[in-house]
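Report on the structure given below.
In this text, all values refer to a predicted model and were calculated from it rather than measured experimentally.
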Amino acid sequence: MTFKDPRGLARVATGALVANMIAEVLVALAGFVFLPEDDAMLILELLSLVSLLICVVVVGMWIYRTNANAHSFGVEMSITPGWAVGWFFVPLANLVMPFQAMKEVWDESHRLAGRHEEMESSLIGWWWGLWIASNIAANLPFYPGGDTPAAVDLSHSLQLISAGVSVAASVALILLMRRLDDAQIAASRGSVFA
């Protein structure tokens with residue numbers, strides 16, 4: 001494997017994440033104004049779904065690239081680039097293994113860049129905790145049940161909270177991508193001139 005600059009993918013992923021954040025917040029706010037069957041609501045939900053799918057693909061490509069880059073440095077890691085992405089889709093294992101894959105890439109990239117103080121950053125923990133919380137929060141709006149005005153209002157409020165948690169997780173991921181990209185660029189330059 002050869003090193004490939006991850007910054008281009010990170011820029012595209014950042015744009016997709018920002019679009020998805022906007023779409024999620026618009027859908028959550030629109031729930032207070034439109035009925036679920038209104039055309040405006042259906043269009044916003046479709047845009048949100050499309051932006052989410054684009055995020056899954058592009059962020060997955062970035063995760064693959066950064067893991068492959070860490071392998072290209074000659075580092076022995078327990079998770080391959082394919083599994084760094086694949087673990088997100090394996091039930092139960094997706095609660096732990098993607099974090100482990102990202103932690104390995106983070107640690108090795110920062111170690112090889114000579115940024116030992118950043119290896120203990122809490123950013124990965126925040127990203128992972130917020131990602132898990134956003135997945136849980138995404139399901140909460142479906143539980144109040146019933147068609148009473150109170151249940152509908154509670155569902156809309158929960159959807160707004162879910163969007164907020166998702167935005168926080170996306171911001172943490174964007175920060176993580178920037179810092180990991182910087183470390184990998186520094187590590188690649190160090191390995192070239194060492």
Distance in Å, [X] [atom1] paired with [Y] [atom2], rounded so as to fall on 0.5 Å steps:
X: Ile161; Y: Ser134; atom1: CD1; atom2: OG; answer: 14.0 Å
X: Arg179; Y: Ile174; atom1: CZ; atom2: CD1; answer: 14.5 Å
X: His116; Y: His110; atom1: NE2; atom2: NE2; answer: 11.0 Å
X: Leu17; Y: Ile22; atom1: CG; atom2: CD1; answer: 11.0 Å
X: Gln184; Y: Glu108; atom1: CD; atom2: CD; answer: 11.0 Å
X: His71; Y: Thr2; atom1: NE2; atom2: OG1; answer: 14.0 Å

Residues which pass salt bridge (Lys or Arg N to Asp or Glu O under 4.0 Å) with [X], listed by chain and number, not counting sequence neighbours:
X: Arg65; value: none
X: Asp5; value: Arg7
X: Glu24; value: none

Exceeds 12 heavy-atom contacts within 6.0 angstrom, atom [atom1] of [X]:
X: Glu117; atom1: CD; value: yes
X: Leu35; atom1: CG; value: yes
X: Glu76; atom1: CD; value: no

Item to check | Glu104 versus Ser78, side-chain donor and acceptor atoms under 3.5 Å | outcome: yes
Of all heavy-atom pairs between [X] and [Y], which one has the smallest distance, and what is that distance?
X: Ala16; Y: Cys55; result: O-SG, 3.2 Å
X: Ala163; Y: Ala28; result: CB-CB, 4.0 Å
X: Pro6; Y: Ile185; result: CD-CD1, 4.2 Å
X: Leu44; Y: Ala30; result: CD1-CB, 3.5 Å

Does one hydrophobic cluster hold both [X] and [Y], with members joined at side-chain heavy-atom distances below 4.5 Å?
X: Leu112; Y: Met77; value: yes
X: Val56; Y: Leu176; value: yes
X: Val25; Y: Leu173; value: yes
X: Val59; Y: Leu123; value: yes
X: Met61; Y: Trp127; value: yes

Taking [Y]'s backbone N and O only, do any of them form a donor-acceptor pair with [X]'s side chain (distance below 3.5 Å, no angle check)?
X: Ser170; Y: Ser166; answer: yes
X: Thr66; Y: Ile63; answer: yes
X: Trp128; Y: Leu95; answer: yes
X: Ser51; Y: Leu47; answer: yes
X: Ser72; Y: Asn69; answer: yes

Is there a side-chain contact between [X] and [Y] (heavy atoms, below 4.5 Å)?
X: Met41; Y: Val33; answer: no
X: Met102; Y: Asn67; answer: no
X: Thr14; Y: Met177; answer: yes
X: Phe73; Y: Ser188; answer: yes

Under the ring pair (Phe, Tyr, Trp, His ring centres under 6.0 Å) rule, what pairs show up with a residue in [range], not counting sequence neighbours?
range: residues 4-24; answer: none
range: residues 4-34; answer: Phe32-His156
range: residues 37-68; answer: none
range: residues 6-28; answer: none

Item to check | Verdict with supporting geometry, Asp107 and Lys103, salt bridge (Lys or Arg N to Asp or Glu O under 4.0 Å) | outcome: CA-CA 6 Å; Asp107 287 347; Lys103 182 78 170 122; 3.0 Å; yes
Checklist outcome for this item: Residues joined to Leu42 in its hydrophobic cluster, side chain to side chain under 4.5 Å directly or through other members, sorted by chain and number, are none
Item to check | Apart from Trp83 itself, residues in the same hydrophobic cluster as defined by side-chain heavy atoms under 4.5 Å | outcome: Ile79, Trp87, Val90, Met97
Checklist outcome for this item: Sequence neighbours excluded, the answer for side chain to side chain donor-acceptor pair (under 3.5 Å) partners of Ser157 is none
Checklist outcome for this item: Lys4 meets the side chain to side chain donor-acceptor pair (under 3.5 Å) criterion, sequence neighbours left out, with none
Next on the checklist: I'd like to check the side chain to side chain contact (heavy atoms under 4.5 Å, CB included) partners of Val12; sequence neighbours left out, ordered by chain and number.
Outcome noted: Val58
Checklist entry - Would Val57 and Leu53 satisfy side-chain contact (heavy atoms from CB on, under 4.5 Å), going step by step from the backbone distance to the final call? => result CA-CA 6 Å; Val57 170; Leu53 292 174; 5.8 Å; no
Next on the checklist: Let's go through Trp106 and Phe99 carefully: what are the C-alpha distance in whole Å and the side-chain angles of both, what is the deciding distance for ring-ring contact (aromatic ring centres under 6.0 Å, His included) to 0.1 Å, and is it a yes or a no?
Outcome noted: CA-CA 10 Å; Trp106 178 273; Phe99 172 80; over 10 Å; no
